[in-house]
Each structure stands twice: as structure tokens, then as C-alpha cells.
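The structure under discussion appears below in the form of C-alpha cells.
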Amino acid sequence: MEVVMESMEQRKLERAKKRIEELKGFYIHFAIYIIINVFILVNIYLSTDNFWKWGHFVPLAGWGIGVAFHASKTFGFNPLFGKKWEERQIQKYIEEDKKEMDKYK
């Protein structure tokens, strides 16, 4: 019994460490995004007369989409394929499996 408890505790510790690494990875990504884009925008602002051009914000927008997807994965937000969708798909496959098994009864 004690071995099982130690094994469970070890798995919990490993999951916690993995989660911390995911969070750390996201926060590093987000910090680099902010620093680099501020640097880019400040340089554009200082070197041009017309700052408000769409082209100046393309890197910010493109990379921002990547950061948003990273945040979605890290924090478990997925409006298209969320928990409810997963549960519906699991139920669907369970029902299909039951129907398939009923054929052979």
C-alpha cells in the first residue's frame, strides 16, 4: 500500500513539474514578445514620420496570434475543442463501440 502511495505522489510531483515548465515556457515567450515588439515599435516611431501604418504592426499581430495560441494551450482555453467537445466525442465513440459489439451478440 505504501509503494502505491509513493508512486501516486511521484506522479503528482511529475505532473506539477511539467505544469510549471509549461507555465514558465509561456511566460518567457510572452516576455520576449513584449520586449522585442516594444523595441521594434520604438525604432519605427523614432525613424519614421508616419508611425500608424498597418505594415508596422504586422509582426506584432502575427506573433500575437502565436502567443494567443500558446496561452490557449497553456491555460486550457479552447472554445472549439474544449472539455464539452471532448466529452461528446468520447460518448460518441463509446456508443459506436457498443453498437459494433452488439452486432456480434
Side-chain angles (χ1 to χ4, degrees):
M1 184 68 167
E2 187 174 313
V3 173
V4 173
M5 294 301 285
E6 287 178 19
S7 177
M8 287 176 59
E9 289 301 316
Q10 183 64 29
R11 286 194 301 257
K12 286 180 184 179
L13 179 61
E14 288 170 6
R15 282 195 313 265
K17 285 181 179 181
K18 182 180 177 198
R19 180 71 179 136
I20 295 301
E21 288 300 315
E22 290 172 354
L23 288 168
K24 191 166 70 170
F26 170 73
Y27 289 130
I28 289 170
H29 184 191
F30 187 65
I32 291 170
Y33 168 78
I34 296 295
I35 292 166
I36 298 296
N37 280 292
V38 166
F39 178 77
I40 289 170
L41 292 174
V42 166
N43 277 331
I44 290 170
Y45 181 77
L46 295 175
S47 65
T48 186
D49 292 333
N50 189 2
F51 177 73
W52 298 105
K53 286 185 180 177
W54 168 246
H56 296 162
F57 298 95
V58 170
L60 181 78
W63 194 356
I65 291 169
V67 170
F69 278 115
H70 194 170
S72 173
K73 181 180 181 294
T74 301
F75 297 108
F77 175 72
N78 190 340
L80 299 176
F81 301 110
K83 291 290 182 194
K84 289 182 182 179
W85 177 84
E86 287 179 12
E87 290 171 9
R88 285 193 311 270
Q89 293 303 311
I90 290 169
Q91 277 305 121
K92 175 182 153 185
Y93 286 112
I94 288 173
E95 292 300 319
E96 287 176 4
D97 204 33
K98 283 181 185 177
K99 287 179 185 176
E100 189 66 28
M101 293 304 290
D102 287 343
K103 288 181 184 178
Y104 300 104
K105 284 186 178 181

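In this chain, numbering begins with 1 at the start of the sequence shown.
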> With sequence neighbours excluded, what pairs up with Glu96 under the salt bridge (Lys or Arg N to Asp or Glu O under 4.0 Å) test?
Replying inline: none
> Considering residues at least two apart in sequence or located in another chain, which fulfil the side-chain contact (heavy atoms from CB on, under 4.5 Å) criterion with Tyr45?
Replying inline: Phe51
> Mind checking what makes salt bridge (Lys or Arg N to Asp or Glu O under 4.0 Å) contact with Lys17, not counting sequence neighbours?
Replying inline: none
> Going hydrophobic residue to hydrophobic residue with side-chain gaps under 4.5 angstrom, can you get from Met101 over to Tyr93?
Replying inline: no
> What distance do Asp102 atom CG and Glu100 atom CD have between them, rounded to the nearest 0.5 Å?
Replying inline: 9.5 Å
> Can you list every pair that meets salt bridge (Lys or Arg N to Asp or Glu O under 4.0 Å) and has a residue in residues 25-41, with sequence neighbours left out?
Replying inline: none
> What residues form a side-chain contact (heavy atoms from CB on, under 4.5 Å) with Glu95, not counting sequence neighbours?
Replying inline: Gln91, Lys98
> In chain order, what residues pass the side-chain contact (heavy atoms from CB on, under 4.5 Å) check against Glu14, with sequence neighbours excluded?
Replying inline: Gln10
> Taking NZ, NE, NH1 and NH2 as the nitrogens, is one of them in Glu9 or Lys12 under 4.0 Å from a carboxylate oxygen of the other?
Replying inline: yes
> Side chain of Thr48, backbone of Ile44: donor and acceptor closer than 3.5 Å?
Replying inline: no
Indicate every side-chain donor-acceptor pair of residues 61-72 with a distance under 3.5 Å to a residue at least two apart or in another chain.
residue: Trp63; atom: NE1; partner: His29; partner atom: NE2; Å: 3.0
residue: His70; atom: ND1; partner: His29; partner atom: ND1; Å: 2.7
residue: Ser72; atom: OG; partner: Phe77; partner atom: O; Å: 2.1

>> Once ring pair (Phe, Tyr, Trp, His ring centres under 6.0 Å) is applied, do any residues pair with His56, and if so which ones, sequence neighbours excluded?
In response: none
>> Ile28: which residues meet the side-chain contact (heavy atoms from CB on, under 4.5 Å) condition with it, sequence neighbours left out?
In response: Lys24, Ile32
>> Does any part of the side chain of Gln89, heavy atoms only, come nearer than 4.5 Å to the side chain of Ile94, both counted from C-beta?
In response: no
> By side-chain hydrogen bond (donor to acceptor under 3.5 Å, both in side chains), which residues pair with Arg11, not counting sequence neighbours?
Replying inline: Ser7
> By ring pair (Phe, Tyr, Trp, His ring centres under 6.0 Å), which residues pair with Trp54, not counting sequence neighbours?
Replying inline: none
> Nearest 0.5 Å, what's the CZ-CD1 distance between Phe57 and Ile40?
Replying inline: 11.5 Å
> Which heavy-atom pair separates Leu23 from Phe75 by the least distance, and what is that distance?
Replying inline: CD2-CE2, 3.5 Å
> Residues in salt bridge (Lys or Arg N to Asp or Glu O under 4.0 Å) with Glu87, at least two apart?
Replying inline: none
> Given the rule in the side chain to side chain contact (heavy atoms under 4.5 Å, CB included) test, do Arg19 and Thr74 qualify, once you have shown the distances and angles that lead to the verdict?
Replying inline: CA-CA 8 Å; Arg19 180 71 179 136; Thr74 301; 3.9 Å; yes
>> For a side chain to side chain contact (heavy atoms under 4.5 Å, CB included) check, start with the C-alpha distance between Lys92 and Arg88, then their side-chain angles and the critical distance, and finish with the verdict.
In response: CA-CA 6 Å; Lys92 175 182 153 185; Arg88 285 193 311 270; over 6 Å; no
>> If hydrophobic clusters are built from ILVMFWY residues whose side chains come within less than 4.5 Å, do Leu41 and Val58 share one?
In response: no
>> Please determine whether residues Ile35 and Tyr27 belong to a single hydrophobic cluster, defined as Ile, Leu, Val, Met, Phe, Trp and Tyr linked transitively by side-chain heavy-atom distances below 4.5 Å.
In response: no
